[in-house]
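From a predicted model like this one, the values you see are computed outputs, not experimental measurements.
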Amino acid sequence: MTFKVVKRCQEDLGPIQGLLKSFLPFARKRMGFNKPPTILFQSDARNAEKLLGKTAQYDPTTMHVTLFVTGRHPKDVLRSLSHELVHHGQNCRGEFGKIPDTAPGYAQTDNHLRGMEEEAYKVGNLCFRDWEDGVKTGKIRISMPLKESLIREEDPEPEEEEQIIQ
């Protein structure tokens, strides 16, 4: 299966793009979706400034996963992708039905959508975690330059600064 990846951002996606070559087939096999989604990497500085801004979204009508990447760690972006891929799988299985109302509070008021969110959190996070552990233990192979960047000796931790929050 070929995945279409569209870059609509200024951020360097080099490390993420390399990991996608391994993660996307893993996720497809785990989640069982039968159609490829389009994956959009989107810059959005205004969204990034919001403490509760969007991290990602899935559009079941176009089968587009949009990942907001401004100011985010690559691992966090990939975890969001995994969550949205579960929604794509749900769409491929016909679970969206009519286009759902996803206004704030939908996951607390609509039992069907609540169940879909529960599946996305559980399956998405565990899929990503299993893939990540597979890469780190060598059970899942990635390109050598990427692997080397994962195992580089990390800089020492900066000294902690104590803060009191009232």
Side-chain angles (χ1 to χ4, degrees), residues 1-97 99-100 102 106-107 113 116-152:
M1 177 178 291
T2 302
F3 294 88
K4 183 177 181 183
V5 177
V6 179
K7 184 179 183 217
R8 293 182 176 166
C9 63
Q10 296 81 35
E11 288 79 6
D12 176 19
L13 298 179
I16 291 176
Q17 287 176 315
L19 294 173
L20 286 177
K21 291 177 184 175
S22 172
F23 178 68
L24 288 171
F26 181 89
R28 177 182 177 260
K29 184 176 180 182
R30 175 70 58 92
M31 297 175 195
F33 50 85
N34 58 1
K35 297 173 189 160
T38 297
I39 301 165
L40 308 167
F41 288 92
Q42 183 70 51
S43 289
D44 189 334
R46 282 184 140 175
N47 180 63
E49 291 174 3
K50 298 176 184 176
L51 288 177
L52 298 177
K54 295 178 182 179
T55 55
Q57 62 190 28
Y58 178 70
D59 183 340
T61 59
T62 61
M63 293 194 217
H64 287 180
V65 172
T66 302
L67 300 162
F68 297 95
V69 296
T70 306
R72 294 181 65 202
H73 191 282
K75 181 176 175 177
D76 184 45
V77 172
L78 289 172
R79 191 180 299 112
S80 292
L81 171 61
S82 191
H83 177 100
E84 299 304 327
L85 289 175
V86 174
H87 289 316
H88 178 64
Q90 292 165 337
N91 189 29
C92 289
R93 295 190 309 257
E95 293 185 35
F96 272 91
I99 303 306
T102 56
Y106 77 91
L113 294 178
M116 290 174 69
E117 279 301 313
E118 287 174 350
E119 179 187 1
Y121 278 101
K122 181 179 179 183
V123 172
N125 279 345
L126 287 175
C127 176
F128 183 76
R129 177 63 185 262
D130 291 347
W131 173 81
E132 178 186 4
D133 287 349
V135 168
K136 288 179 176 178
T137 61
K139 293 178 182 174
I140 296 174
R141 300 189 190 281
I142 59 173
S143 73
M144 189 51 75
L146 279 173
K147 188 169 188 164
E148 289 172 356
S149 73
L150 292 174
I151 59 175
R152 281 190 198 128

**Q.** L20 to P25 - nearest heavy-atom pair and separation
**A.** O-CD, 3.8 Å
Q) Looking at L78 and F23, what are the two nearest heavy atoms and their distance? A) O-CE2, 4.4 Å
Q. If you measure from CD on E49 to CG on D44, what distance do you get to the nearest 0.5 Å?
A. 9.0 Å
Q: Show your working on side-chain contact (heavy atoms from CB on, under 4.5 Å) between N125 and H83 and close with a plain yes or no.
A: CA-CA 7 Å; N125 279 345; H83 177 100; 5.7 Å; no
(Q) Any side-chain to backbone donor/acceptor pair from R72 onto T55? Under 3.5 Å, distance only. (A) yes
Q. Any idea how H88 and F33 line up, ring-wise: parallel (<30°), tilted (30 to 60°), or perpendicular (>60°)?
A. perpendicular
**Q.** Test item: F3 and M1 side chains (from C-beta on) under 4.5 Å apart, heavy atoms
**A.** yes
Q | Test log, rule side-chain contact (heavy atoms from CB on, under 4.5 Å), inputs V65 and T38 | A | CA-CA 6 Å; V65 172; T38 297; over 6 Å; no
Q: For atom CZ of R8, decide whether the heavy atoms of other residues, nucleotides or ligands shown that lie under 6.0 angstrom number more than 12.
A: no
Q.
Could you report the tightest heavy-atom contact between M31 and R93, atom names first, then the distance?
A. O-NH1, 4.5 Å
Q) So does R79 pair up with D76, basic N to acidic O under 4.0 Å? A) yes
(Q) Could you check whether E84 and Q57, counting side-chain N and O atoms only, form a donor-acceptor pair closer than 3.5 Å? (A) no
Q: Assess whether side-chain contact (heavy atoms from CB on, under 4.5 Å) is satisfied between F68 and V77, documenting all intermediate values.
A: CA-CA 8 Å; F68 297 95; V77 172; over 6 Å; no
Q. Looking only at side chains, do E117 and H87 share a donor and an acceptor under 3.5 Å apart?
A. yes
(Q) Nearest 0.5 angstrom please: L67 CG to F41 CZ, how far? (A) 5.0 Å
Q) S43 side chain to Q10 main-chain N or O, any donor-acceptor pair under 3.5 Å? A) yes
Q. Could you give the distance from OH (Y58) to OG (S80), rounded to the nearest 0.5 Å?
A. 16.0 Å
Q. Salt-bridged, K75 to E132, with N to O below 4.0 Å?
A. yes
Q.
If I compare all heavy atoms of L13 with all of C9, which pair ends up nearest, and what's the gap?
A. CD1-SG, 3.7 Å
Q.
A side-chain contact here means heavy atoms from C-beta on lying under 4.5 Å apart; do N47 and T70 qualify?
A. no
Q | Approximate separation, where rounding is to 0.5 Å, of M116 CE and E95 CD | A | 5.5 Å
**Q.** Intermediate values then yes/no, side-chain contact (heavy atoms from CB on, under 4.5 Å), F96 and Q90
**A.** CA-CA 7 Å; F96 272 91; Q90 292 165 337; 4.2 Å; yes
Q. In this structure, which one of L40, V6, I39 forms a side-chain contact (heavy atoms from CB on, under 4.5 Å) with H64?
A. L40
Q.
Looking at every heavy atom in both L85 and P37, which two are closest together, and how far apart are they?
A. CD2-CG, 3.8 Å
**Q.** Exercise: do T66 and Q42 side chains pair donor with acceptor under 3.5 Å
**A.** no
Q: First locate atom CG of L19, then atom CG of L24, and finally report the distance between them rounded to the nearest 0.5 Å.
A: 10.0 Å
Q. According to the interplanar angle, ranging from 0 to 90°, do the rings of W131 and F128 count as parallel (below 30°), tilted (30 to 60°) or perpendicular (above 60°)?
A. tilted
Q) Roughly how far apart are C92 SG and R28 CZ, rounded to 0.5 Å? A) 9.5 Å
Q: Heavy atoms only: give me the nearest N91-P60 pair and the separation to one decimal.
A: ND2-O, 2.9 Å
